[in-house]
Amino acid sequence: MGSGSRLKFALCEVLQFAALCVPLFIVMQRFAAIVAKVKSLAQPPGDGSTAYWLIVASSIAYVTSTALLVWVPMKYMVFTKKKFLTGRKKWRPVALVYVIISTLPCFAFLIASSEVQINKNIKHDTFTELPVSLVLFSLICIDIVERIRHCRLTGQANESERGADIPSTVLTHVEQVTAVTPITPAAPGSVAPRPTAPAPTPTAAGQPNERDQNGTGTRPEINGMIPGRPFSVSGLSSRSTSTTAYHVSPYTYTGPLRFLCASDARAEVFVDSFLFWMDTVEMVRVAGHPSVYYSGWVFPIYIFSFLSCLRLMVMPHSPLLSSLGVALQDLPFLFVRIGLIAFFGFVTPLLYLLKNLLVCLAFIYFNFMTKLRVFNTERMSF
């Protein structure tokens, strides 16, 4: 490991550890301030200072114990490549542990802060921007670090060594087109020769044949892949299943404005990560609205937001991501947003409600209803 690799390793570890500790310390300190305020307003007044420092000390003890007993041993096992953690490479143990030991306690204390103020009939702190600007931003930082830590941070990106975690905006599969032999008109009285079938192209061991079972020359599209586009319906980029991939740019521009076509997968990781969490960010933001925060709606909002955060444990290219996105985010958020709009008005934009509805309907239709006989006929092609 060179000096540059050591520096990148240290930077990634410091960023991840800061994302683990800082949200816990700040959220628990704000919760301690609320408890101290409640103690001082009680009749007779209690010792608010003792309660404050007791909660702060408990937060320090929790962070220290989880770091020494969970975070550091798990990091050691990941970097020593223990087979049960990194063997299949379809999940991210670091992200899952982070969601459990950091995001879950933060959401729990946000709910507890709301309940304490409701029970004591005070309105002291609604944590207006803290859950979004700190807790979820730290979660996004963990996602970005986990996806970019295996890439070089200097020099240009090497497309041939692109990792499976990095989204690709280039064409990653090129079909081989069979040449068509022109047929010349036969002379009168002669018998036209039969066209010979082209010899099948040999495939590598373990590589699926590009032809379908009917003998046609078309390659069946992967479920969820749009022909000619590199993205799946889940919003994340998908990689081709074929082992023979050619990284060919969809277009090449050599004019004076070619700098406008600049693209780097490492920069796209940041865009993709923030877009991936926009729906959860909006849902958590709604909980900071005073009319919502001082009601029982903080329970479903933070509970379903935490379930949405569990999608972080799945690799970005995993086929499970589409179904998990619908089951853990779009379907629960759809019912929560309908209830919020019914009780509080348009505290959440209608755009997100339509997004959840359309994603759920599209997932059910294209994955299940199209398998029915009425939707699976060759005559009905739109």
Side-chain angles (χ1 to χ4, degrees), residues 21-43 45-60 62-63 98-140 277-310 328-329 332-349 352-353:
C21 300
V22 173
L24 285 169
F25 284 143
I26 296 181
V27 170
M28 296 181 81
Q29 186 273 332
R30 295 279 288 270
F31 175 72
I34 292 175
V35 173
K37 182 73 173 179
V38 170
K39 288 283 186 181
S40 63
L41 295 178
Q43 295 296 333
D47 190 358
S49 178
T50 302
Y52 176 86
W53 288 110
L54 182 61
I55 296 175
V56 171
S58 301
S59 66
I60 297 175
Y62 172 77
V63 172
Y98 174 83
V99 170
I100 294 175
I101 68 176
S102 180
T103 307
L104 179 60
C106 288
F107 283 176
F109 277 99
L110 290 170
I111 294 176
S113 301
S114 172
E115 286 301 302
V116 168
Q117 296 180 77
I118 291 174
N119 293 335
K120 298 301 180 180
N121 197 20
I122 63 171
K123 296 181 179 180
H124 177 65
D125 192 357
T126 60
F127 295 86
T128 307
E129 282 296 323
L130 189 61
V132 172
S133 301
L134 182 62
V135 179
L136 290 184
F137 179 72
S138 301
L139 186 71
I140 294 173
W277 294 105
M278 278 295 107
D279 201 356
T280 307
V281 166
E282 170 58 28
M283 179 59 72
V284 175
R285 185 201 65 82
V286 174
H289 197 279
S291 60
V292 178
Y293 187 77
Y294 296 113
S295 67
W297 280 91
V298 291
F299 281 95
I301 289 177
Y302 282 118
I303 289 173
F304 289 125
S305 297
F306 172 75
L307 293 178
S308 174
C309 294
L310 292 177
L328 299 181
Q329 176 175 279
F333 282 12
L334 174 64
F335 293 104
V336 172
R337 285 195 168 102
I338 291 176
L340 288 173
I341 293 177
F343 283 94
F344 302 102
F346 291 98
V347 293
T348 180
Y352 289 92
L353 176 65

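Any value given below was found using the heavy atoms of this structure, including those in side chains, with hydrogens, waters and symmetry copies removed. Positions are given from 1 along the sequence.
Side-chain atoms of S308 do not come within 3.5 Å of backbone N or O of F304 as any donor-acceptor pair.
Atom CZ of F127 is separated from atom CG of L134 by 11.0 Å, given to the nearest 0.5 angstrom. From I118, atom CD1 reaches atom CG of N121 across 10.0 Å, with rounding to the nearest 0.5 Å. Note that the CD1 atom of I341 and the CG atom of L353 stand 5.0 Å from one another [nearest 0.5 Å]. In this structure, L54 CG and S49 OG are separated by 11.0 Å, a value rounded to the nearest 0.5 Å. Interatomic distance, L334 CG to Y352 OH, rounded to the nearest 0.5 Å: 15.5 Å. In this structure, OG in S102 is found 7.5 Å from OH in Y62, a value given to the nearest 0.5 Å.
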With a cut-off of 3.5 Å and sequence neighbours excluded, list every side-chain donor-acceptor pair involving residues 22-37.
{"unit_1": "Q29", "atom_1": "NE2", "unit_2": "Y52", "atom_2": "OH", "d": "3.0"}
{"unit_1": "R30", "atom_1": "NE", "unit_2": "D125", "atom_2": "OD2", "d": "2.7"}
{"unit_1": "R30", "atom_1": "NH2", "unit_2": "D125", "atom_2": "OD1", "d": "3.0"}
{"unit_1": "R30", "atom_1": "NH2", "unit_2": "D125", "atom_2": "OD2", "d": "2.9"}

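Considering every non-hydrogen atom in both T280 and S305, the closest pair reads CG2-O, 4.1 Å. Scanning both residues, C21 and V63, for their nearest heavy atoms gives SG-CG1, 3.6 Å.
Between L307 and P332 the shortest side-chain heavy-atom distance does not fall below 4.5 Å. At a threshold of 4.5 Å between non-hydrogen side-chain atoms, the residues Q329 and D279 count as touching. Side-chain contact check for L136 versus C309: some heavy-atom pair is nearer than 4.5 Å. You'll find the side chain of Y293 reaches within 4.5 Å of the side chain of S113, heavy atoms only.
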| task | Determine, step by step, whether E115 and F299 satisfy the side chain to side chain contact (heavy atoms under 4.5 Å, CB included) criterion, reporting the C-alpha distance in whole Å, the side-chain angles of both residues, the deciding distance to 0.1 Å, and the verdict. | result | CA-CA 10 Å; E115 286 301 302; F299 281 95; 3.1 Å; yes

| task | Just do the side chain to side chain contact (heavy atoms under 4.5 Å, CB included) check on V281 and F137 with the steps written out, would you? | result | CA-CA 9 Å; V281 166; F137 179 72; over 6 Å; no

| said: Between M283 and V336, is the side chain to side chain contact (heavy atoms under 4.5 Å, CB included) condition met? List the steps. | reply: CA-CA 9 Å; M283 179 59 72; V336 172; 4.0 Å; yes

| request: Give the C-alpha distance, both sets of side-chain angles, the deciding distance and a yes or no for side chain to side chain contact (heavy atoms under 4.5 Å, CB included) between Y294 and K123. | output: CA-CA 8 Å; Y294 296 113; K123 296 181 179 180; 3.5 Å; yes

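More than 12 non-hydrogen atoms from other residues, nucleotides or ligands lie less than 6.0 angstrom from CG of N119.
For residues 282-295, every residue pair satisfying the salt bridge (charged side-chain N to carboxylate O under 4.0 Å, His left out) rule, not counting sequence neighbours, is listed here: E282-R285.
Under the side-chain contact (heavy atoms from CB on, under 4.5 Å) criterion, F344 pairs with S291, V292, S295, W297, L340, V347, sequence neighbours left out.
Between F107 and Y302, the angle of the ring planes lies from 30° to 60°, which puts this pair in the tilted group.
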